[in-house]
Amino acid sequence: MRFGVVIFPGTWSDCDFHFVIGEVLHQPVKYVWHRDTDLSEYDCVILPGGFSYGDYLRAGAIAGRSPVVEALGDFLAGGGFVLGSCNGFQILCEAKLLPGALLRNECLQYRCQSTFLFVENAETPFTRGLRPGQVLKMPISHGEGKYYGDAETLRILRGRNQIVFRYCTEAGEITKEANPNGSVENIAGIMNEEGTVLGLMPHPERAAESALGGTDGLLLFHSLIGSLIEDGSFLKR
Amino acid sequence: MRARVFVRLKRGILDPQGTAVKRALEGLGYQEVRELRVGKVLELELEAAEPVQARGRLEEMCRRLLANPVTEDFQVEIVDEGRRPNLP
Amino acid sequence: MRARVFVRLKRGILDPQGTAVKRALEGLGYQEVRELRVGKVLELELEAAEPVQARGRLEEMCRRLLANPVTEDFQVEIVDEGRRPNLP
Amino acid sequence: MTGAEPKVTLDLAKAHGLTAEEYDRIIQLLGREPTYTELGLFSALWSEHCAYKHSKVFLRQFPTKAPHVLQGPGENAGIVDLGDGLALVLKMESHNHPSFIEPFQGAATGVGGILRDIFTMGARPVATLDSLRFGDPEDPKTRYLIGGVVSGISWYNNCFGVPNVGGEVAFAPEYRGNPLVNVMCVGLVRKDRIFRARAEGVGNPVLYVGAKTGRDGIHGATMASAVFEEGAEERRPTVQVGDPFTEKLLLEACLEAMATGAVVGIQDMGAAGLACCSAEMPSRAGTGMEVELSRVPLRETGMTPYEIMLSESQERMLLVVVRGREGEVRKVFAKWDLEAVEVGRVTDDGELRVRMDGQLVAQVPVRALTDEAPVYEKPTARPAWLDELHAFDPLDLPPPADYEQALLAILAAPTVASKQWVYRQYDHQVGINTLVLPGSDGGVLRIKGTRKAIALTTDGNARSVLLDPYQGGALAVAEAARNLACSGARPLAVTDCLNFGSPERPEILWQFSEAVRGISEACRRLEIPVVSGNVSFYNETEGQVILPTPIIGMAGLLEDAGWRTTQWFKGPGDRIALIGPEAVSLGGSEYLATCGRRVAGRLAPLDLTLEREVQAACRAAIEAGLVASAHDCAEGGVATALAEACMSGPGEIGADVALPSVGRLDLTLFGEGPSRIVVSIPPMAQRHFEGLMQEWQVPWRFIGTVGGDRFTLRVRGEVVVNLPVERIAHAWRTGFERYVA
Ligand SMILES: Nc1ncnc2c1ncn2[C@@H]1O[C@H](COP(=O)(O)OP(=O)(O)O)[C@@H](O)[C@H]1O
Ligand SMILES: [Mg+2]
């Protein structure tokens with residue numbers, strides 16, 4: 001499976017994703033510059049974490065209008081997958097590729113810590129290898145990760161099963177204490193209606209080697225790679 | 001031409017920063033503050049022929065970048081139609 | 001009573017936010033922006049008898065908490081002397 | 001020369017912080033009166049900050065050489081060889097005064113400055129650590145400073161994208177008006193890609209890159225000189241504001257430009273900005289430099305040559321590139337949306353020539369600004385009040401009525417209590433190298449592509465330096481090395497940040513000289529070279545001087561990343577051992593400060609030979625795979641170290657320990673002394689461990705067992721502490737956070 005990792009000015013998880021995909025998963029991976037618009041050589045494009053454009057207006061706002069992001073529409077239409085983590089999630093929301101928005105953490109502070117994620121939907125290409133209700137351990141690192149959607153958006157998200165991950169306790173309870181940033185309904189990650197775009201605040205690339213505290217992040221990639229091979233789109237392209 | 005753009009959280013969206021500032025003011029003895037919300041103001045100096053057109057452009061900037069329609073409202077104000085800014 | 005407090009970086013102080021937003025607007029084709037600075041606006045609803053006194057209190061709040069005197073200027077505006085706020 | 005500038009007089013020179021003798025010397029060096037801009041150059045480069053004029057003679061004692069040292073003091077940062085073609089770049093710097101004036105921006109720009117020091121050497125920053133000192137957190141002003149400093153560090157660090165892997169926060173009333181913000185950064189560089197701040201190659205162009213120049217942080221002397229009546233307000237130098245986003249672009253662009261091979265030398269424009277770079281770079285290379293100020297990108301209008309030369313605007317660099325290859329470099333910077341402007345060239349005559357619109361505004365031999373800077377050996381005097389402090393015997397105080405309460409009080413003391421509130425605001429994993437996160441004795445990072453890892457720590461205990469600056473300095477080194485040993489690492493190098501009061505006071509300078517002597521001795525005996533550092537003098541506000549606070553930053557190497565060890569107990573049944581000597585004292589201890597509200601007494605002795613052996617024995621046991629946890633005994637004594645081992649890990653676990661009595665109970669529990677390490681040993685490894693300790697011939701003994709949910713301490717068969725771990729953990733977790741949450 002061919003991955004492209006986008007670099008915006010201010011991105012910093014680019015190298016980490018590149019390393020995990022190339023060195024841990026042994027998949028072909030290249031960097032994509034934010035001004036590039038030809039994504040035809042990739043199966044999955046990753047929007048990594050960081051502070052694109054310093055997050056100076058709103059997190060992800062300026063990057064959300066860049067050429068590479070504009071090109072994602074066609075890329076998706078052609079059968080591609082997009083994964084946005086942390087700043088990448090913020091960018092996807094800003095670009096309207098995912099509904100809702102990410103606001104400043106309710107505690108008004110940056111948070112770098114380990115979190116547990118409740119797998120809400122295990123039927124997406126990114127989570128197919130997981131069990132519904134499975135609890136994953138993945139770190140977060142952000143100051144603006146409070147997911148917000150209005151009542152209508154939430155209703156649609158729920159109705160279409162687009163909520164993929166919620167923050168939970170180690171035992172899998174979705175509680176206020178387990179919510180590190182005040183996200184509505186503990187939402188940590190959502191996908192688009194088609195299931196081809198996943199956005200999440202946690203960092204799967206930081207949970208990809210046991211020496212670094214866990215490998216649950218790899219499960220997303222395994223699912224995705226498995227999905228692609230299974231549904232044949234790997235061969236189509 | 002000089003303009004101001006206000007960008008603020010929509011009513012109904014929790015403003016924890018506003019709440020924190022209000023609480024801090026109360027702590028300092030300012031009990032009279034009943035409500036407080038924190039927003040952004042962008043002060044722009046524009047090369048623009050005339051206010052109506054400038055306003056149109058500014059509103060477009062807001063829709064395209066400056067405000068997030070999911071969470072924010074915006075408001076455009078033309079402050080000064082000609083001179084260079086001379087802010088306090 | 002409704003009031004607005006503007007808090008902005010003093011002239012001469014670097015405004016990285018403003019610079020980034022200006023450049024982003026240029027990138028979107030808004031070449032007319034010659035200068036852009038980002039500030040804060042606090043919208044307050046106050047329990048106060050009369051504007052002069054309210055203004056005094058607000059300026060005090062600015063000096064004590066709302067603005068950082070080292071880097072920021074502030075400006076107080078009484079928007080509405082009586083009614084409840086009704087923001088856009 | 002330009003006539004628009006004020007006439008230089010002795011008074012003006014004095015207003016610039018120069019003495020009459022220094023001013024005479026300038027006239028002598030130039031053979032004439034300096035111009036206004038020239039005066040600015042001298043005042044900046046001959047300042048304490050740039051010239052180290054009061055400290056230089058003392059700093060010469062530092063051992064700075066070792067086979068693995070690739071760059072010692074004298075450059076932007078020090079460098080040591082890691083093997084495998086890699087090198088580690090390290091440096092620590094203070095931003096104390098700016099952080100008091102504006103805590104958020106002051107601390108943020110402190111991080112920015114030290115990051116630039118690392119990447120100017122060609123290295124990618126891989127970790128930061130922050131060592132902070134504040135007044136009593138009961139004080140609202142202090143709480144405001146803590147909040148501002150921590151969020152400033154958090155903002156810059158996180159936005160730039162470097163993991164913070166450690167640091168310290170300690171409190172004492174003496175820091176109330178003068179908090180300390182010391183930040184250390186380390187970077188990784190390929191050995192063949194190291195860059196230096198040298199202006200080599202006559203005729204080579206000088207490029208200005210990065211942010212535009214404003215009137216930020218210009219030497220306060222500008223104001224004092226009272227030359228600008230008109231529009232004085234407008235011209236007032238402003239606080240430096242950080243822009244971590246631009247810094248991140250600058251990092252990527254610099255490393256990419258360096259990789260082209262077109263860069264000859266590079267230096268960041270930090271303190272004293274362009275003045276410093278344009279003098280130091282040619283001085284190191286034995287060349288000269290010409291700059292044309294009208295080409296410098298400016299953020300503000302009407303800036304004078306003086307202001308442009310002395311501006312401390314952040315996120316800027318000066319590059320010397322190969323003539324003819326400017327285009328390649330410019331292209332790289334353009335890719336990253338940064339300006340790269342040719343502002344001058346390297347010359348062969350040893351002069352710095354500064355022009356504005358073609359008109360000469362300054363011409364000074366670069367050596368006059370650098371090598372000819374004054375160096376003083378000012379008088380030192382041992383303060384008389386030391387005798388009084390030493391005369392106090394903590395054992396004259398009655399022992400505590402309740403040892404459990406005393407322990408809880410120490411664990412809840414802000415200096416000892418958990419600093420999670422601080423470091424959870426810092427990213428500590430970006431780069432996916434962090435094997436040991438903040439919260440253990442040392443942070444540990446793997447080095448990708450090798451089996452190796454590095455361990456990092458900062459340490460400094462000002463109370464012991466106050467009571468005995470010589471031993472206090474040595475103790476800081478010993479403690480830092482011990483923290484690395486506990487992490488499984490062999491120390492490689494020291495960077496330091498020496499925070500003191502005014503060196504013009506003999507008592508302060510004595511503290512400084514003694515501390516430097518102690519650091520030097522410990523570094524020599526433990527064989528750890530000093531490769532970089534920073535001196536911060538004049539840390540006093542309104543007559544209140546800070547505690548003498550030398551901070552030691554240390555980097556160590558683990559040949560095998562698998563050796564990394566953390567400080568917390570792992571499994572029930574593991575045996576607990578105490579390695580090290582018995583000698584402890586309550587003099588200057590946390591117990592005395594917390595329960596007795598004073599800093600006095602004498603320190604327990606430091607035996608550097610024993611220290612070295614204890615560390616080596618601990619490391620040997622770790623390398624042999626026998627050790628489940630290792631934790632150094634520091635503030636709060638062995639009782640505190642044991643408690644921390646129970647509760648600082650991901651899960652809480654109890655321990656039952658019989659402490660060897662060393663006299664009174666409070667001394668036994670809370671007495672502090674060097675060279676002591678608490679380790680835990682899985683039962684299977686016990687025999688092997690015993691054998692190994694025998695071999696190393698260090699004092700040690702088994703003192704207890706890990707397990708259960710209670711923390712129990714016995715002395716001479718008597719239970720003196722028996723508390724649920726939950727209880728001690730609560731005290732420790734909330735002790736600091738209660739002030740700031
Ligand atoms: N306390 C010290 N110990 C060792 N080296 C020091 C010390 N203080 C300064 N140096 C060295 O002197 C040189 C100049 O340091 P400094 O002026 O702090 O650099 P910068 O220009 O980055 O502020 C550096 O190489 C630094 O490592
Ligand atoms: Mg430097």
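Numbered from 1 within each chain, the chains take letters A, B, ... in sequence-line order.
- Proximity to chain D at a heavy-atom threshold of 4.5 Å picks out A:Pro9, A:Gly10, A:Thr11, A:Trp12, A:Asp16, A:Phe19, A:Val20 from residues 9-25 of chain A, in numerical order.
- Applying the 6.0 Å contact sphere to NZ of A:Lys96 captures more than 12 heavy atoms from other residues, nucleotides or ligands.
- Heavy-atom minimum distance, D:Leu435 versus A:Leu212: CD2-CD2, 3.6 Å.
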Output, in order, the C-alpha distance, side-chain angles, deciding distance and verdict of side chain to side chain contact (heavy atoms under 4.5 Å, CB included) for A:Arg206 and D:Asp427.
-> CA-CA 12 Å; A:Arg206 296 185 183 186; D:Asp427 191 307; 2.9 Å; yes
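- Residue D:Ser154 touches chain A through its side chain alone, counting heavy-atom pairs closer than 4.5 Å.
- Atom NZ of D:Lys335 has more than 12 heavy atoms from other residues, nucleotides or ligands within 6.0 Å.
- A distance of 9.0 Å separates OH in A:Tyr110 from SG in D:Cys159, rounded to the nearest 0.5 Å.
- Remark: A:Arg35 CZ is packed, more than 12 non-hydrogen atoms of other residues, nucleotides or ligands lying under 6.0 Å away.
- When the shell of 6.0 Å around CD of A:Glu170 is examined, it contains 12 or fewer heavy atoms from other residues, nucleotides or ligands.
- Note that CD of A:Gln113 and CZ of D:Arg424 are 7.5 Å apart. Values are rounded to the nearest 0.5 Å.
- In this structure, SG on A:Cys112 lies 10.5 Å from CG on D:Asn157, to the nearest 0.5 angstrom.
- Between D:Phe245 and A:Tyr56, the ring planes lie perpendicular to each other; the angle is over 60°, past the 30° to 60° tilted range.
- Below 30°, between 30° and 60°, or above 60°: for D:Trp336 and A:Trp33 the angle between ring planes is above 60°, a perpendicular geometry.
- Atom CZ of D:Arg738 is surrounded by more than 12 heavy atoms from other residues, nucleotides or ligands within 6.0 Å.
- Residues forming a side-chain hydrogen bond (donor to acceptor under 3.5 Å, both in side chains) with A:Thr127 (at least two apart in sequence, or on another chain): A:Thr124.
- With chain A as partner, the option from D:Val430, D:Asp243, D:Leu249, D:Val150 having the largest number of non-hydrogen pairs under 4.5 angstrom is D:Val430.
- Residue-environment remark: CG (D:Asp709) stays at or below the threshold of 12 foreign heavy atoms within 6.0 Å.
- Counting heavy atoms from C-beta on, the side chains of A:Ser141 and D:Gln429 never come closer than 4.5 Å.
- With respect to chain A, the highest number of heavy-atom pairs below 4.5 Å among D:Gln425, D:Lys248, D:Lys448, D:Arg446 belongs to D:Gln425.
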